[in-house]
Amino acid sequence: MKQSKDIVKDFQIEQFQHDLISWFETEQRILPWRQDQDPYKVWVSEIMLQQTRVDTVIPYFNNFIEKFPTIVDLAYAPEDDVLKAWEGLGYYSRARNLQAAVREVHEQYGGKVPHTPDEISKLKGVGPYTTGAILSIAYGVPQPAVDGNVMRVLSRILSIWDDIAKPKTRKVFEEVVHEIISKDSPSFFNQGLMELGAIVCTPTSPSCLLCPVREHCRAFEQGVQQELPVKSKKKPPRAVQIAAAVVTDEQGNFLIHKRPNKGLLANLWEFPNVEVDLTIGTEQTQLTSFVEADYDTEVVLDPPFTVIQHVFSHIVWNINVYKGVLTGNIANRDDLKLVSVKEIEEYAFPVSHQKILKEYHKIT
DNA sequence: TAGACGTGGGC
DNA sequence: TGCCCAAGTCT
């Protein structure tokens with residue numbers, strides 16, 4: 001592996017900084033989290049932007065800040081409210097970690113976001129990228145903030161051929177950024193690198209002719225910008241068969257269940273469902289047995305009225321959706337509720353189960 | 001280290 | 001349609 005000193009050899013650092021920052025000053029997009037440098041807002045935006053597009057984040061960010069304008073507001077909010085504000089954004093542990101970290105800041109740091117790498121990176125959900133982003137953007141500290149954009153842009157500019165899918169590769173880029181980051185304007189340097197990756201130096205067809213740092217780009221010089229970055233393929237998701245039931249009582253209330261506080265879609269609400277194992281028995285039998293045993297009640301299920309496929313990054317759910325009627329009382333537990341069609345809107349559901357409800361409404 | 005962890009959009 | 005992606009972190 002090459003040393004960062006060698007990679008940066010003969011690179012016109014100061015000219016590059018100037019060209020990048022000047023471009024960012026005039027061409028940056030107007031975004032809600034760029035209206036001020038409130039560390040809390042920078043923090044919230046950076047968490048939301050993890051693996052998520054800017055256009056997707058904008059409405060969620062505005063709504064989230066309206067509901068939880070300050071660290072104190074978020075710290076004292078019910079977790080269900082926070083998850084409801086996150087509903088549809090994905091990677092829900094981000095929301096729960098953010099609230100836990102905000103509580104930590106409120107209790108341990110008097111409500112002020114700390115401004116050292118050690119303290120910030122200890123907060124839940126704050127890794128090396130977000131640490132650098134908060135430090136540079138909110139506090140002007142020259143700390144690398146290496147995300148996918150930065151690795152793509154710098155792999156091209158500096159002709160770095162390490163596989164960016166490997167965790168250790170991020171360290172290579174962090175070392176490089178340490179060498180070339182502007183000490184005068186680390187915020188605009190880091191954001192400029194990311195902005196460039198988002199709107200000019202894009203993955204499949206980079207707009208090199210519009211690029212403000214084209215003169216510095218080794219990949220462009222050699223015509224290999226399409227070959228970079230090197231990124232190995234991910235494994236395809238595994239298929240899982242699910243049987244779910246929309247169960248209602250005599251009043252038309254829906255039976256819903258809160259998922260466990262760890263793992264996939266933690267603490268979100270859902271319709272009763274089981275992972276099917278066809279070697280045990282029929283799907284309908286397994287679903288009925290599960291609901292009756294686990295919820296201590298009785299149900300009668302009709303055959304499936306729809307099939308839903310939902311693709312996660314690592315799993316594919318194939319869901320057969322049954323319609324059912326509750327014929328007994330349900331166990332008195334916090335993770336089990338009977339709610340009206342109106343009340344159900346107050347609960348945070350994963351998109352897969354929103355699809356189930358939508359299909360149910362079509363047939364009723 | 002590699003897998004878990006979501007979703008919607010682009011081509 | 002299917003695949004890849006988008007401002008990563010945790011275990």
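Side-chain atoms are counted along with the backbone in the values below, which use heavy atoms only and exclude waters and symmetry mates. Everything quoted here is computed from the prediction, not taken from an experiment.
Within 4.0 Å (heavy atoms only), A:Lys234 reaches no atom of the nucleic acid at all. Looking at heavy-atom distances under 4.0 Å, A:Arg152 makes contact with sugar-phosphate atoms alone, never a base. As judged by a 4.0 angstrom heavy-atom cut-off over every strand, A:Thr204 is placed among residues making no nucleic acid contact. Residue A:Thr56 is out of contact with every strand shown, counting any heavy-atom pair closer than 4.0 Å. When heavy atoms are screened at a 4.0 angstrom cut-off, A:Leu89 is found touching base atoms of the nucleic acid. Using a 4.0 Å heavy-atom distance criterion, A:Gly197 is classed as making no nucleic acid contact. Within the 4.0 angstrom heavy-atom criterion, base atoms lie near A:Val54. Within the 4.0 angstrom heavy-atom criterion, no nucleotide atom of any strand lies near A:Lys355. Residue A:Val150 is classed as having no contact, given no heavy-atom separation below 4.0 Å to the nucleic acid. Nucleic acid contact class of A:Arg259 (heavy atoms, under 4.0 Å, all strands): none.
B:dT1 and C:dA6 have their C1' atoms separated by 23 Å, with the value rounded to a whole Å. On the P atoms, C:dT11 is 13 Å away from B:dG6, given to the nearest whole Å.
In this pair, A:His310 and A:Trp317 present their aromatic rings tilted. The plane angle is within the 30 to 60° band. Ring orientation note: the planes of A:Phe349 and A:His353 are tilted relative to one another, at an angle of 30° to 60°.
Distance CG (A:Leu123) to C1' (C:dG8): 15 Å, rounded to an integer number of Å. Nucleotide C:dC5 holds its P atom 12 Å from the CE atom of A:Met151, rounded to whole Å. Taking atom CZ of residue A:Arg96 and atom P of nucleotide C:dC10, one finds them 13 Å apart after rounding to whole Å. A:Phe312 has its CZ atom 22 Å from the P atom of C:dA6, to the nearest Å.
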For the pair A:Arg218 and A:Glu221, evaluate salt bridge (charged side-chain N to carboxylate O under 4.0 Å, His left out) and give the outcome as yes or no after the intermediate values. CA-CA 5 Å; A:Arg218 294 172 183 166; A:Glu221 186 181 8; over 6 Å; no
For A:Arg103 and A:Glu107, run salt bridge (charged side-chain N to carboxylate O under 4.0 Å, His left out): C-alpha distance rounded to whole Å, both residues' side-chain angles, the deciding distance at 0.1 Å, then the answer. CA-CA 6 Å; A:Arg103 286 175 175 159; A:Glu107 291 163 13; over 6 Å; no
Output, in order, the C-alpha distance, side-chain angles, deciding distance and verdict of side chain to side chain contact (heavy atoms under 4.5 Å, CB included) for A:Asn318 and A:Val307. CA-CA 7 Å; A:Asn318 292 303; A:Val307 178; 5.7 Å; no
For the pair A:Lys258 and A:Asp334, evaluate side chain to side chain contact (heavy atoms under 4.5 Å, CB included) and give the outcome as yes or no after the intermediate values. CA-CA 8 Å; A:Lys258 190 176 189 176; A:Asp334 289 342; over 6 Å; no
Worked verdict on A:Tyr40 versus A:Ile65 for side chain to side chain contact (heavy atoms under 4.5 Å, CB included): CA-CA 10 Å; A:Tyr40 168 65; A:Ile65 293 299; 3.9 Å; yes
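Mapping A:Val126 and A:Leu31 onto DNA chain C by nearest heavy atom places A:Leu31 at the nucleotide closer to the 5' end. Of the two residues contacting DNA chain B, namely A:Lys166 and A:Gln51, the nearest-nucleotide position lying further toward the 5' end is that of A:Lys166. Between A:Arg34 and A:Gly125, the residue whose closest nucleotide on DNA chain C is further toward the 5' end is A:Arg34. Projected onto DNA chain B by closest heavy-atom contact, A:Tyr91 and A:Lys235 fall at different nucleotides, the more 5' of which corresponds to A:Lys235.
Using a 4.0 Å cutoff to heavy atoms of chain A, the contacted part of DNA chain B runs 5' to 3' from B:dT1 to B:dG8.
Atom OG1 of A:Thr52 is separated from atom CG of A:Asp55 by 12.0 Å, given to the nearest 0.5 angstrom.
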